[in-house]
Amino acid sequence: MVLKKISTFKKTTQWRGIQCGVRWGIQPNDYTEKNLLFLKTCSYNFSSNVLHLRNIGISAHIDAGKTTLTERILYYTGKIKSIHEVRGSDGVGATMDSMELEKEKGITIQSAATNCKWNLNNIDYNINIIDTPGHVDFTIEVERSLRVLDSAVLVICGVSGVQSQTLTVNRQMNRYSIPRLLFINKLDRDGANIERTLHSINKQLNLNTLLLQVPIGIEQKLKGVYDLITNEGYLFKGKNGIVVEIITDKKQILNIDSSFSFDMVELLRNRLFEKLADIDDDFAEFYINNDMNSITSNVYDSIRKCTIENKIIPICLGSAKSNIGVQLLLNNVCKFLPSPKEVSNYGYIYSGGSGSGSGSGSGSSSSSSSSIGDYASSSSNDSGSGSSSTSQNGAKKVQLQCNSSLPMVGFLFKIQEDAMHGQMSYLRIYQGKIRKKEMITNMLTNKKEQVKKIMKMHANMAQEINEACAGDIIAINGLSGRTGTTYTTNIHTNLHLSNIFIPKPVISVAVEISKKNDVSKLTKALNKYTKEDPTFYVQTNEQTKEIIFQGIGELQLYIYKERLKREYNIDINLKNPKINFKETITKPYECSYTYKKQKGGAGLYAHVHAIFEPISENYNDSTHCLFVNEVVGNDLPRNFILSIEKSFKEQIEKGYLYESEIINVRMRLISGKIHEVDSNDLAFKKATIHLIKENYNNFCPILLEPIMLVETVSNYEHQSNILTSITKRKGLVTNIINSMNTIYIHAEIPLKHMFNYINEIRAITQGQGTYTMEFAKYEQVSKSDLDELIKKKQETEAR
Ligand SMILES: Nc1nc2c(ncn2[C@@H]2O[C@H](COP(=O)(O)OP(=O)(O)OP(=O)(O)O)[C@@H](O)[C@H]2O)c(=O)[nH]1
Ligand SMILES: [Mg+2]
């Protein structure tokens with residue numbers, strides 16, 4: 001029997017844990033503080049080598065165990081002294097769910113950043129971690145985190161397998177080409193099944209996975225994991241699984257788990273190497289010529305290379321709550337996931353005008369794109385990766401270099417306001433360095449802003465540091481830019497990084513304030529929330545003067561109601577949830593309009609001639625509108641063309657079918673006529689308004705409604721009642737999965753039929769069932785439904 005205890009194991013890996021104490025003097029009591037805590041300024045020991053830095057996101061379906069896993073990571077790395085569970089009986093709650101509401105509800109609402117160190121093979125790795133929420137209503141938190149992270153851990157529940165949000169998160173990771181590890185969690189739970197989970201991963205995620213481990217025991221008998229590469233078993237013993245025991249003795253493993261199959265291990269191990277050899281030619285050569293019983297670094301090098309190139313996704317196993325497998329996951333994060341230097345990041349240089357083409361919003365003009373020399377000359381000193389530039393959408397694409405001695409380029413991806421310390425702007429530094437008190441340029445306003453404080457975040461706690469280097473993720477106090485702003489120093493071109501994908505709101509509710517005196521307090525609070533959350537919009541209805549909240553889902557809007565109560569003591573009611581319908585046109589139409597008012601006094605004259613047409617045949621492809629100037633010659637002065645464009649953009653905010661925003665429309669301005677005296681901006685604006693209004697029916701407009709992708713989860717016995725409820729709500733069932741007596745029903749249901757569905761599901765399933773939903777697409781509202789909607793609207797307005 002070979003039994004190596006922790007002392008032997010330490011030769012190669014130093015397992016950090018409670019004995020390491022708490023870094024930076026953070027005490028458990030700190031968690032009870034509401035505001036951000038600032039710890040004493042000290043020199044932050046950024047990794048001596050950026051190659052040993054990992055920026056990872058932890059993402060998954062709701063409740064898969066992301067926050068629990070992060071809590072274990074913080075514990076084993078010595079960042080926290082004791083473990084607290086999500087909704088644990090001690091009432092403290094997990095570190096990363098620091099908001100009072102998160103602790104109370106047991107769900108993550110905001111993404112939270114932290115950092116820790118892990119020692120592997122005598123190298124200290126710095127790991128920046130962002131724990132993201134699973135609920136789709138907070139999907140912007142996943143989106144913005146993945147936009148700036150180099151890699152991720154996708155957590156999958158070992159009982160439920162791939163779930164609806166697993167698919168969404170996987171899609172989001174694909175969008176940013178994020179190298180990732182999968183962690184199959186909850187293998188300690190009744191019903192956990194590794195084969196079934198792997199099957200659902202292979203069937204639904206379309207990833208080329210590489211299974212690295214098999215479990216030792218399962219469900220309540222889960223004791224550890226067996227590493228297919230090293231051919232060793234790992235048990236997690238001592239307080240909170242801090243002691244890692246390696247076993248190579250087959251008999252001992254069989255004593256622990258009598259159903260453990262070494263034949264299966266042999267088969268899976270061969271499969272692992274063969275899969276790797278199929279992808280990596282260098283490894284194939286090594287595999288053919290070597291005995292795989294003596295493993296060398298070639299295997300790890302190959303897995304690392306293929307993972308970073310997104311050719312394979314390694315799979316690790318365990319149970320965060322039962323403290324199994326987390327230390328091995330940490331090893332694999334360091335071993336296989338990329339450092340910031342190994343990931344390509346790009347900026348776009350716009351030749352004058354705005355950087356809005358990058359999705360960065362309106363930008364200001366700057367010098368020409370030829371001053372790219374900033375990058376080219378400096379980057380030639382950098383041995384990491386060469387700078388390349390290609391032309392794309394009129395902007396020059398330049399590769400950023402993860403090198404601290406170059407001009408600084410950073411991206412603001414998250415804003416959090418704190419009562420005590422003001423606005424904290426989270427920045428990912430792609431190249432260069434930021435120092436405290438330095439002036440950095442906001443590329444949207446072209447103004448310099450001072451870096452008042454730089455902080456490393458640990459959930460709601462902040463450690464002030466004096467400078468931060470390329471590759472790092474930090475929070476800065478003193479910046480005014482909004483989410484998606486690029487900041488630079490010593491860059492003399494109009495450079496922007498591509499923006500975050502922000503989903504459009506699909507639901508709106510009217511807000512009723514209990515106390516009229518709260519209005520100014522409410523304005524302040526809503527300013528803060530809308531600045532922090534780009535998917536939360538607040539508007540005032542011009543006719544009714546009602547305040548309207550718009551967002552991604554009912555839960556998101558409900559959370560803001562709750563936060564107003566807790567953080568500002570403002571009571572509001574949310575009433576009449578409304579759907580964000582859209583309008584689009586289906587036929588091209590050429591038309592003209594002459595606006596004339598020439599009786600007595602100063603006259604008005606404008607003639608506008610244009611073609612209106614759909615941008616795309618599929619309205620789901622194009623949710624914006626375009627104005628194209630096709631006027632030949634100089635008949636129409638530039639300022640009048642701008643008035644027509646401005647008026648068109650105002651008109652598309654409200655269509656003439658149902659007063660909904662118009663999407664997927666292009667206006668091609670063909671010509672116009674002016675009167676020497678009577679033509680002005682107002683006349684051209686009015687002509688454009690009438691042109692659209694009076695011809696709108698000729699464009700054959702249709703009303704579009706959001707269709708949601710709904711997943712219900714319940715016991716098998718409730719299946720038929722749930723199917724009836726879906727039919728009643730005019731839903732279309734797309735898939736039914738039966739897994740160990742649990743039924744997952746996927747359906748597409750119009751959002752207008754989804755209100756209060758949670759109450760119906762609870763009633764049908766005696767409180768045990770649940771559902772999640774996310775926006776799927778827009779679909780045309782039928783003629784009869786449209787007539788009914790218009791009738792109801794007219795009745796409401798008449799009241
Ligand atoms: N049995 C078991 N329960 C777990 C495990 N990991 C997490 N849980 C439990 O699952 C529930 C959800 O855990 P969280 O860590 O909050 O999950 P999450 O993915 O962060 O949830 P959201 O952020 O709200 O999407 C909690 O009750 C945890 O105690 C595990 O490995 N085994
Ligand atoms: Mg969580």
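Note that ligands are numbered from 1 as they come in the structure, with each ligand's atoms numbered from 1 the same way.
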Checklist entry - Would you call Glu532-Lys528 a salt bridge at under 4.0 Å N-O? => result yes
Checklist entry - Side-chain donor-acceptor pair under 3.5 Å between Asp137 and Tyr558, yes or no? => result no
Checklist entry - What's the verdict on salt bridge (charged side-chain N to carboxylate O under 4.0 Å, His left out) for Glu85 and Arg72, showing C-alpha distance, side-chain angles and the deciding distance? => result CA-CA 10 Å; Glu85 302 295 352; Arg72 285 355 183 234; 2.7 Å; yes
Checklist outcome for this item: Note: ligand 1 atoms sitting under 4.0 Å from heavy atoms of Ile107 are 24 (O)
Next on the checklist: Pairs of nitrogen or oxygen atoms closer than 3.5 Å, one from Thr68 and one from ligand 1: do any exist?
Outcome noted: yes
Checklist entry - Can a donor-acceptor pair be found between the side chains of Asn126 and Asn115 at a distance below 3.5 Å? => result no
Checklist entry - Under the side-chain contact (heavy atoms from CB on, under 4.5 Å) criterion, do Ile303 and Leu212 qualify, and how do the steps go? => result CA-CA 10 Å; Ile303 298 178; Leu212 301 182; 4.1 Å; yes
Checklist entry - For ligand 1, is there an N or O atom under 3.5 Å from any N or O atom of Pro133? => result no
Checklist entry - Which angle, to the nearest 10 degrees, do you find at the Mg ion (ligand 2) between OG1 in Thr67 and OG1 in Thr108? => result 100°
Item to check | atom 25 (O) of ligand 1 - nearest protein heavy atom and its distance | outcome: Lys66 NZ, 2.9 Å
Checklist entry - Should Asp131 be counted as touching ligand 1, given the test is an N or O pair under 3.5 Å? => result no
Next on the checklist: Geometry only, no angles: is Lys186 polar-contacting ligand 1 at N/O separations under 3.5 Å?
Outcome noted: yes
Checklist entry - Should Glu85 be counted as touching ligand 1, given the test is an N or O pair under 3.5 Å? => result no
Next on the checklist: Under a plain distance cut-off of 3.5 Å, with no hydrogens placed, do Asn715 and Thr765 share a side-chain donor-acceptor pair?
Outcome noted: no
Checklist outcome for this item: The atoms of ligand 1 lying under 4.0 Å from a heavy atom of Arg189, numbered in the order shown, are 1 (N), 2 (C)
Item to check | Distance-only N or O hit between ligand 1 and Ile62, under 3.5 Å | outcome: no
Checklist entry - Do any nitrogen or oxygen atoms of Asp188 come within less than 3.5 Å of a nitrogen or oxygen of ligand 1? => result yes
Checklist entry - Any N or O of Ala64 that comes nearer than 3.5 Å to an N or O of ligand 1? => result yes
Item to check | Test item, Ala60 contacting ligand 1 (heavy atom, 4.0 angstrom) | outcome: no
Checklist entry - Out of Ile253, Val214, Asp227, which residue meets the side chain to side chain contact (heavy atoms under 4.5 Å, CB included) rule with Val265? => result Val214
Checklist entry - Which heavy-atom pair separates Trp118 from Cys334 by the least distance, and what is that distance? => result CD1-SG, 3.7 Å
Item to check | Any N/O pair Thr108/ligand 1 closer than 3.5 Å | outcome: yes
Next on the checklist: Give me the residue, atom name and distance of the protein heavy atom closest to atom 5 (C) of ligand 1.
Outcome noted: Lys321 CB, 3.4 Å
Checklist outcome for this item: A student checking ligand 1 against Gly134 at a 4.0 Å heavy-atom cut-off should list atoms 22 (P), 23 (O), 25 (O)
Next on the checklist: Which of the numbered atoms in ligand 1 are under 4.0 angstrom from any heavy atom belonging to Val86?
Outcome noted: 14 (P), 15 (O), 16 (O)
Checklist entry - At the 4.0 Å heavy-atom cut-off, does Arg87 count as touching ligand 1? => result no
Next on the checklist: Quick check on side chain to side chain donor-acceptor pair (under 3.5 Å): which of Asp150, Asn55, Thr114 does Asn128 satisfy it with?
Outcome noted: Asn55
Item to check | Residue Ser319 vicinity, atoms of ligand 1 by number, heavy atom under 4.0 Å | outcome: 30 (C), 31 (O), 32 (N)
Checklist entry - Hey, is atom 27 (O) of ligand 1 touched by any protein heavy atom at less than 4.0 Å? => result no
